[in-house]
Number of protein chains: 2
Amino acid sequence: MDRGGTARRGRGPTDPDRRDRIARAAITVVARQGIAGLTHRRVAAEAEVPLGSTTYHFATLDDLVAAALEKAAERSVAELRTWADALPPDADLAEELAAFVVRSVGEKRADTMAEYNLYALALHRPQLRRAAVAWDDALADVLRARTDPLTGRMLGVLLCGLLMQAVLRDDPVPCAEIEAQVRRALEG
Amino acid sequence: MDRGGTARRGRGPTDPDRRDRIARAAITVVARQGIAGLTHRRVAAEAEVPLGSTTYHFATLDDLVAAALEKAAERSVAELRTWADALPPDADLAEELAAFVVRSVGEKRADTMAEYNLYALALHRPQLRRAAVAWDDALADVLRARTDPLTGRMLGVLLCGLLMQAVLRDDPVPCAEIEAQVRRALEG
DNA sequence: CGGAAATGCGGACAACCGTACACATAATGT
DNA sequence: ACATTATGTGTACGGTTGTCCGCATTTCCG
């Protein structure tokens, strides 16, 4: 009767996080195939659920990308918050933030790419704008907590540009360069 | 026999800028419908050429988006260069650059949105990466001419983030905020 | 002038996609 | 215990798309 390796009861009306799993699968699909590859069928395959299941939880494809965007934003903000919380009070912010960027473009490159793919989708979908703007604001807010409002917003903007430009370069941007830019943004 | 208002001979193997016209039409389509709306058929309609014509000049759709991205980058760089050339030598760079941003998200909003849509496409298409990186470098180069290498690159990054975040907000970002951020990037 | 090459044109086809629907099954409330 | 509801599943359909192909027309060049 059981199906996966784990003891998840799996089928029937009990699979409480199925909706979430589908949304996460959508992010994975975007990370691997890009926006063009985001289809009900591929997400269903990635999440290991039948096609009908994705159309049940997300009536339209727009609903699905909206959920994916929100979840990606949530993840991204959580990551930055974790970084901020783990920061010793006397840390060199420029250095640490540069390290954060390097990590986002290095090990976490796939995630970052997926995030910006979804983010860019909001350009032409009014229903997604709200989530995208909230994303920006949340990042700025985390950064503001360590500095001041203007600096927080500026760091958010700079982070956006840095990640975007760095993630689509094949050869890595030197860490010192990033640190220098961040430092200048910090020296108000 | 003639067709448009101008004296272009129009049909037959003579329509020298048809390829360009199709590429420009592609940008227009993206500006209006977003990436999802970029299809051979819609571009053909926008360019007022038959479907077969787009598939002749751009065998695959990837070729078409590549051409569109390159043309968009070319346009964007040309615009910044024009701005730079028209700048009086004693101008306040922060103020002028802020005005440039405001214009890009104001009157030119549609163009800017199309540009970032195409730019983001490069995230998952290796063939487009080169063009996107060249775009970034060209912008940084124009800005460097007025400052120094590091500042030029930083302004390029900041511009990218500013435009991106501002263009998907419904209510405009205050010009003073933009100017303040640019000014801080300039004060090395 | 005449053939070769380039360009333009319309139609066709196979593949894929979003969505809807009908039915099955487990949970829930009374 | 049973009816109602929420969730899961398979399948089908209409529409759109990318791409290809055959043929027409114009230019080019010797």
Side-chain angles (χ1 to χ4, degrees), chain A residues 1-4 6-26 29-30 32-69 121 124-125 127-128, chain B residues 1-4 6-26 29-30 32-69 121 124-125 127-128:
Chain A
M1 192 53 108
D2 106 346
R3 215 188 129 90
T6 77
R8 102 168 94 94
R9 294 222 297 299
R11 302 335 190 94
T14 277
D15 191 355
D17 70 338
R18 179 168 274 213
R19 215 186 123 94
D20 267 21
R21 185 149 39 104
I22 293 174
R24 285 196 303 268
V29 169
V30 170
R32 277 211 284 259
Q33 318 241 12
I35 288 303
L38 187 65
T39 74
H40 268 142
R41 284 171 175 81
R42 255 190 277 259
V43 172
E46 176 66 34
E48 298 184 76
V49 300
L51 171 61
S53 195
T54 70
T55 76
Y56 172 73
H57 286 284
F58 303 93
T60 162
L61 194 63
D62 283 342
D63 295 343
L64 182 50
V65 324
L69 173 61
L121 266 188
H124 269 281
R125 309 220 197 176
Q127 329 104 36
L128 302 185
Chain B
M1 193 51 106
D2 108 343
R3 214 187 130 90
T6 77
R8 103 168 92 92
R9 294 223 297 301
R11 303 333 190 92
T14 276
D15 191 356
D17 69 338
R18 179 168 274 213
R19 216 186 122 94
D20 268 20
R21 187 149 38 106
I22 293 175
R24 284 195 304 268
V29 168
V30 170
R32 277 212 282 260
Q33 318 241 11
I35 288 304
L38 188 66
T39 73
H40 268 141
R41 284 171 176 81
R42 254 190 278 261
V43 171
E46 175 67 33
E48 300 183 76
V49 301
L51 170 61
S53 195
T54 70
T55 74
Y56 171 74
H57 287 285
F58 303 95
T60 162
L61 194 63
D62 282 344
D63 295 343
L64 182 51
V65 323
L69 174 60
L121 266 187
H124 268 281
R125 311 220 195 177
Q127 329 103 37
L128 301 185

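First the proteins, then the strands, lettered A, B, ... as listed; each starts at 1.
Note on B:R19: nothing from the nucleic acid sits closer than 4.0 angstrom, heavy atoms only. Residue B:L38 is classed as a sugar-phosphate contact, given heavy-atom separations below 4.0 Å to backbone atoms only. At the heavy-atom level, A:T55 lies under 4.0 Å from base atoms of the strands shown. Nucleic acid contact for A:S53: base, since at least one base atom lies under 4.0 Å from a heavy atom of the residue.
In this structure, B:Y56 atom OH and D:dG18 atom P are separated by 20 Å, rounded to whole Å. Rounded to an integer number of Å, the gap from B:R41 CZ to D:dC20 C1' is 12 Å. Atom CZ of A:F58 and atom P of D:dT9 are 15 Å apart (whole Å). In this structure, the CZ atom of A:R21 is 15 Å from the P atom of D:dT7, given to the nearest Å. Look at CG on B:D17: it is 15 Å from C1' on C:dG8, rounded to the nearest Å. Atom P of nucleotide C:dA20 and atom CG of A:D63 are separated by 11 Å, given to the nearest angstrom. Atom-to-atom, CG of B:D62 to C1' of D:dT19 comes out at 13 Å; the value is rounded to the nearest Å. Residue B:I22 contributes atom CD1, which lies 10 Å from atom C1' of C:dG8 at whole-angstrom precision.
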Step-by-step side chain to side chain contact (heavy atoms under 4.5 Å, CB included) determination, B:V49 to B:R21: CA-CA 9 Å; B:V49 301; B:R21 187 149 38 106; 4.2 Å; yes
CA sep, side-chain torsions, deciding dist, call: B:L121, B:L69, side chain to side chain contact (heavy atoms under 4.5 Å, CB included): CA-CA 9 Å; B:L121 266 187; B:L69 174 60; over 6 Å; no
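To the nearest 0.5 Å, the span separating CG on A:D62 from CG on A:L128 amounts to 7.0 Å.
Taking all atoms of both residues into account, the shortest heavy-atom contact from A:Q33 to A:R42 is NE2-CD, 3.5 Å.
Comparing A:H57 and A:L51 by the nucleotide of DNA chain D that holds the closest heavy atom to each, the one mapping nearer the 5' end is A:H57. Mapping A:G52 and A:R42 onto DNA chain C by nearest heavy atom places A:R42 at the nucleotide closer to the 5' end.
Between B:V65 and B:R125 the shortest side-chain heavy-atom distance falls below 4.5 Å.
Between A:R18 and the phosphate of D:dA6, there is no side-chain N or O to OP1/OP2 separation shorter than 4.0 Å.
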